[in-house]
Amino acid sequence: MIITTWNVNSISVRLPHLIEWLKQHKPNVVCLQETKTVDEKFPEQELAEAGYSCEFFGERSYNGVAILSDRPMINVHKGFVGDGPTEAKRLIEAEIDSTYIINVYIPNGSHVGSPKYEVKLSWLQKLRDHINSRHDLSKRIILCGDFNIAPDDEDCYNPEQIKGTIMVSEPERSRIEEVRNLGFTDVFRLLNKEAGQFTWWDYRMGAFRRNMGYRIDHIWGSQCMADASKSVWIDKATRKLERPSDHAPLVAEFN
DNA sequence: ATGGTAGATACTCTA
């Protein structure tokens, strides 16, 4: 089973890249973030023609998550239990082939100490509570998406210079660590020990050209999924295309 | 310390 996570930064702008990518790589499951589209405008038909069924949970302009699958999806859930209709659309889950996929777009948090940063920290606690109360980590579980956190210093280009700033600050790292401690393994890190491997580069300052990136997109697996993990890679080629997303797809294959 | 770019929307916010 090949599982991909990709923050596309607008499904409508990136649809040609996505369709081409699906044809080239034939993943079984694709988790998308920042679709930035209401459900009525989600390109369900185009993706069905490419061989994928879709579950999506979007809103106008911001956020939005979706799961594409070439196999049937059951037990689909959207958002946290008890969320109101105006809550940001950042969480979607589905069971595919006896594997439960949790796709998240964790809040960016803007700047450390800002109101949005506090929202990020409380969202991370809600995520931990949600997984703890609703999921059994002895089963086949994947938690993936845009976490907006680089877990360790080797996951960013210049750790000393950006120490304490957004995506690397200690409070957000310790909260995502609490999620990991429920029983997840960072599948990328399990299979790839090299520092300086990134999934996101800012559009500004020629960041990609200078490889000023962060590893903030992740595929985490419960123990049995970690045991079944076979390979994992980042498709930097998509970041070199014309009008790219600022994130590259992260791909993992499981037995 | 600031600003740079991209996307959606509507003249600004988010990342």
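So that the names make sense, note that chain A is the first sequence line, chain B the second, and so on, each numbered from 1.
- Scanning for ring pair (Phe, Tyr, Trp, His ring centres under 6.0 Å) contacts around A/Y52 gives an empty result, with sequence neighbours left out.
- Rounding to whole angstrom units, CG of residue A/D202 and C1' of B/dA15 are separated by 8 Å.
- Within residues 55-63 of chain A, the residues having any heavy atom closer than 4.0 Å to DNA chain B are, in order of number, A/R60, A/S61, A/Y62.
- Distance noted for atom P between B/dA6 and B/dT2: 23 Å (whole Å).
- A/R14 places its CZ atom 16 Å from the P atom of B/dA15, with the value rounded to the nearest Å.
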Note to self: Between A/V187 and A/W220, does the side chain to side chain contact (heavy atoms under 4.5 Å, CB included) criterion hold? Intermediate values first, please.
What the structure shows: CA-CA 5 Å; A/V187 170; A/W220 287 3; 5.9 Å; no

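- Counting to the nearest Å, the P atom of B/dA15 and the CE atom of A/M212 are 21 Å from each other.
- The salt bridge (Lys or Arg N to Asp or Glu O under 4.0 Å) test applied to A/E170 returns no partner, not counting sequence neighbours.
- Taking atom CZ of residue A/F208 and atom C1' of nucleotide B/dT5, one finds them 15 Å apart after rounding to whole Å.
- Within the structure, ring pair (Phe, Tyr, Trp, His ring centres under 6.0 Å) contacts touching residues 74-102 of chain A (residues at least two apart or in different chains) are A/F80-A/W123, A/F80-A/H130, A/Y100-A/H135.
- In the region residues 104-128 of chain A, proximity to DNA chain B at under 4.0 angstrom, judged on heavy atoms, holds for A/Y105, A/N108, A/K116.
- Evaluation of the salt bridge (Lys or Arg N to Asp or Glu O under 4.0 Å) rule for A/K230 yields A/E253 as partners, not counting sequence neighbours.
- The same atom, C1', is picked in B/dT14 and in B/dG4; the two are 15 Å apart, to the nearest Å.
- The OH-C1' distance, from A/Y203 to B/dT14, rounds to 13 Å in whole Å.
- When the C1' atom is used for both B/dC13 and B/dT9, the distance is 9 Å, rounded to whole Å.
- Among the atoms of the strands shown, none is found under 4.0 Å from any heavy atom of A/R210.
- Crowding of A/K23 atom NZ: a count of heavy atoms from other residues, nucleotides or ligands under 6.0 Å not exceeding 12.
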Interface polar pairs with nucleotides 2-4 of chain B, N/O, under 3.5 angstrom:
{"unit_1": "B/dG4", "atom_1": "O6", "unit_2": "A/R204", "atom_2": "NH1", "d": "3.2"}

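- The NZ-P distance, from A/K89 to B/dT14, rounds to 16 Å in whole Å.
- The stretch residues 154-164 of chain A participates, sequence neighbours left out, in these side chain to side chain donor-acceptor pair (under 3.5 Å) pairs: A/D155-A/R189, A/D155-A/R215, A/N158-A/Q161.
- Salt bridge status for A/R180 with A/E177: present, with a side-chain N to carboxylate O gap under 4.0 Å.
- Atom OH of A/Y214 and atom P of B/dA15 are 15 Å apart (whole Å).
- Annotation: side chain to side chain contact (heavy atoms under 4.5 Å, CB included) contacts of A/D235 (sequence neighbours excluded): A/W21, A/H25, A/W233, A/A237, A/T238, A/P249.
- Of the residues A/N103, A/N7, A/D146, the one that meets the side-chain hydrogen bond (donor to acceptor under 3.5 Å, both in side chains) test with A/Q33 is A/N103.
- A/F56 meets the ring pair (Phe, Tyr, Trp, His ring centres under 6.0 Å) test with A/F42; sequence neighbours excluded.
- Residue A/C156 holds its SG atom at 11.0 Å from CH2 of A/W200, rounded to the nearest 0.5 Å.
- Under 4.0 angstrom from either OP1 or OP2 of B/dT5 there lies no side-chain N or O belonging to A/R243.
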Using residues 43-50 of chain A as the side-chain source, report each donor-acceptor pair under 3.5 Å to any protein atom, sequence neighbours left out, with the distance given to one decimal.
{"unit_1": "A/Q45", "atom_1": "NE2", "unit_2": "A/E49", "atom_2": "OE2", "d": "3.2"}

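- Contact check of residues 5-13 of chain A against DNA chain B (heavy atom, cut-off under 4.0 Å) returns A/N9, A/S10, A/S12, A/V13.
- Rounded to whole Å, the distance from CD on A/E34 to P on B/dA8 is 10 Å.
- Using a 4.0 Å cut-off between charged nitrogen and carboxylate oxygen, A/R60 and A/D39 do not count as a salt-bridge pair.
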